[in-house]
Amino acid sequence: MKTLTSHPQADRDTAAPGKVWFVGAGPGDPELITVKGRALIERAGAILFAGSLVSEAATRWAPVGCVIVDSKDMTLEQMSAWLIEQAGRCETVVRLQTGDPGLYGALIELVQPLDAAGIAIEVVPGVSSAMASAAAAVESLTLPEVTQTVIFTRVEGRTPMPEGESLEVLAAHHSTLCIFLSITLMGRVTAALTVAGWSPDAPIVVVHKASWPGEEKIVRGTVSTIQSLCREAKIVSQAMIIASPTLGARQWTTLAKSKLYDASFTHRFRRASVPVSNLIQETP
Ligand code: SAH
């Protein structure tokens, strides 16, 4: 456990325990935290952050005297005990997590002991690294008539995959796959895509440290080349693998347009410029 600042804040006046906020810190760029998340950090008495990825946001906006602790060497039990202890001491306690707290973040494991201790909690969503990676690569995860579905998944590592969720099965949909926590298992990823019928030329993009100022790397390849390209780029951690039939669409010359912006499409905020009788109404 590493303490960055340890000036204990003055004890609170009230006896009621404080609230623990699970805040999504965003993918790395400290400016990608939400306004609400930042405001909570600015008034926090204690912050428990998840590893180096989010330390910058914590330290940049925390008030003087805030107790800031890195959870990287703590067990879940130690983390919940710490949060409970801090909630007894200060009004606003922040658990800062990378991306969105609801994705691969042990949110429920931490919330349950707080519920049992009668401590109020709230979750503030964050920009997931999946979204930041798509943004970095200027890719759309959905495209009309290509795919309208995004799957967030991982390949099996130490955490077993539930039945029916192997990458081979999920990839059979040929929709967009945002694959977390799997960069060191790239061989398994490409093997699964191949079993699911993806062509060796199907595009894959890997984004390392998406949104990190000066550290982001984007590697574009295919099912057959991406593993060696990532090895050459020395990407072994903090990377998002996106496999999708939408990749590279920025360069396509033929593109089905979104119905939402089509001149013939009427919706709540805009009237169609062709008679409604000619239209089949459709939800965007
Ligand atoms: N809750 C986080 C995910 C935590 S799991 C979120 O919503 O993004 C950790 C995994 O997220 C990493 O193995 C990597 O796959 C991905 N990840 C986190 N930050 C990233 C970043 N800045 N760029 C690319 N991938 C990232």
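Note: hydrogens, waters and symmetry copies are ignored here, and every other heavy atom, side chains too, is used. Whatever order the structure lists ligands and atoms in, that order sets their numbers, starting from 1.
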Point to revise | Distance-only N or O hit between ligand 1 and Tyr104, under 3.5 Å | key: no

Check your understanding: Considering distance alone, does some N or O of Leu103 sit under 3.5 Å from an N or O of ligand 1?
Key -> yes

Check your understanding: Taking the side chain as C-beta and beyond, is there a heavy-atom pair between Arg154 and Ser182 under 4.5 Å?
Key -> yes

Point to revise | ligand 1-proximal atoms of Ala239, by part, heavy-atom distance under 4.0 Å | key: backbone

Check your understanding: Quick check: does Leu181 get an N/O under 3.5 Å from an N/O on ligand 1?
Key -> yes

Point to revise | Verdict with supporting geometry, Gln86 and Trp82, side chain to side chain contact (heavy atoms under 4.5 Å, CB included) | key: CA-CA 6 Å; Gln86 296 302 319; Trp82 192 90; 3.6 Å; yes

Review point. Heavy-atom contacts under 4.0 Å between Ile183 and ligand 1: side chain, backbone, both, or neither?
Key: neither

Exercise for review: Ignoring hydrogens and angles, tell me if any N or O in the side chain of His174 forms a donor-acceptor pair with the backbone of Ala196 under 3.5 Å.
Suggested key: yes

Check your understanding: Heavy atoms, side chains only, cut-off 4.5 Å: are Ile33 and Trp61 in contact?
Key -> yes

**Study point:** Heavy-atom closest contact (Pro63 atom, Ala44 atom, distance)
**Key:** CG-O, 3.3 Å

Check your understanding: Which atoms of ligand 1 are found less than 4.0 Å from any heavy atom of Ala210?
Key -> 21 (C), 22 (N), 23 (N), 24 (C)

Review point. Within the distance-only criterion (no hydrogens, no angle test), does the side chain of Ser71 pair as donor or acceptor with the backbone N or O of Phe49 below 3.5 angstrom?
Key: yes

**Study point:** Subset of ligand 1 atoms that lie under 4.0 Å from at least one heavy atom of Ser129
**Key:** 6 (C), 7 (O), 8 (O), 11 (O), 16 (C), 17 (N), 18 (C), 19 (N), 20 (C), 21 (C), 25 (N), 26 (C)

Review point. Based purely on interatomic distance, does His208 place a nitrogen or oxygen under 3.5 Å from a nitrogen or oxygen of ligand 1?
Key: no

Study note, to complete from the structure: Under 4.0 Å from one or more heavy atoms of Trp212, ligand 1 contributes atoms 22 (N)

Practice item. Within a distance under 4.0 Å of any heavy atom of Val207, pick out the atoms of ligand 1 and give their elements. Key: 24 (C)

Point to revise | Straight-line distance of Thr246 OG1 to Gln148 CD, nearest 0.5 Å | key: 10.5 Å

Point to revise | Co-members of Ile241 in a cluster of I, L, V, M, F, W and Y side chains, linked at under 4.5 Å | key: Ile151, Val155, Leu167, Leu170, Leu177, Ile179, Ile183, Leu185, Met186, Val189, Leu193, Trp198, Ile204, Val206, Val219, Val223, Ile226, Leu229, Ile235

Check your understanding: Looking at ligand 1, does any of its N/O atoms fall within less than 3.5 Å of an N/O of Pro27?
Key -> yes

Which pairs would a plain distance check flag for residues 106-129, meaning a side-chain donor or acceptor within less than 3.5 Å of a matching protein atom at least two apart in sequence or in another chain?
residue	atom	partner	partner atom	Å
Glu122	OE1	Lys19	NZ	2.5
Ser128	OG	Ala130	N	3.2

**Study point:** Atoms of ligand 1 close to Ser128 [distance to a heavy atom under 4.0 angstrom, numbered from 1]
**Key:** 6 (C), 7 (O), 8 (O)

Review point. So is Asp100 polar-close to ligand 1, meaning N/O to N/O under 3.5 Å?
Key: yes

Check your understanding: Do any nitrogen or oxygen atoms of Gly28 come within less than 3.5 Å of a nitrogen or oxygen of ligand 1?
Key -> no

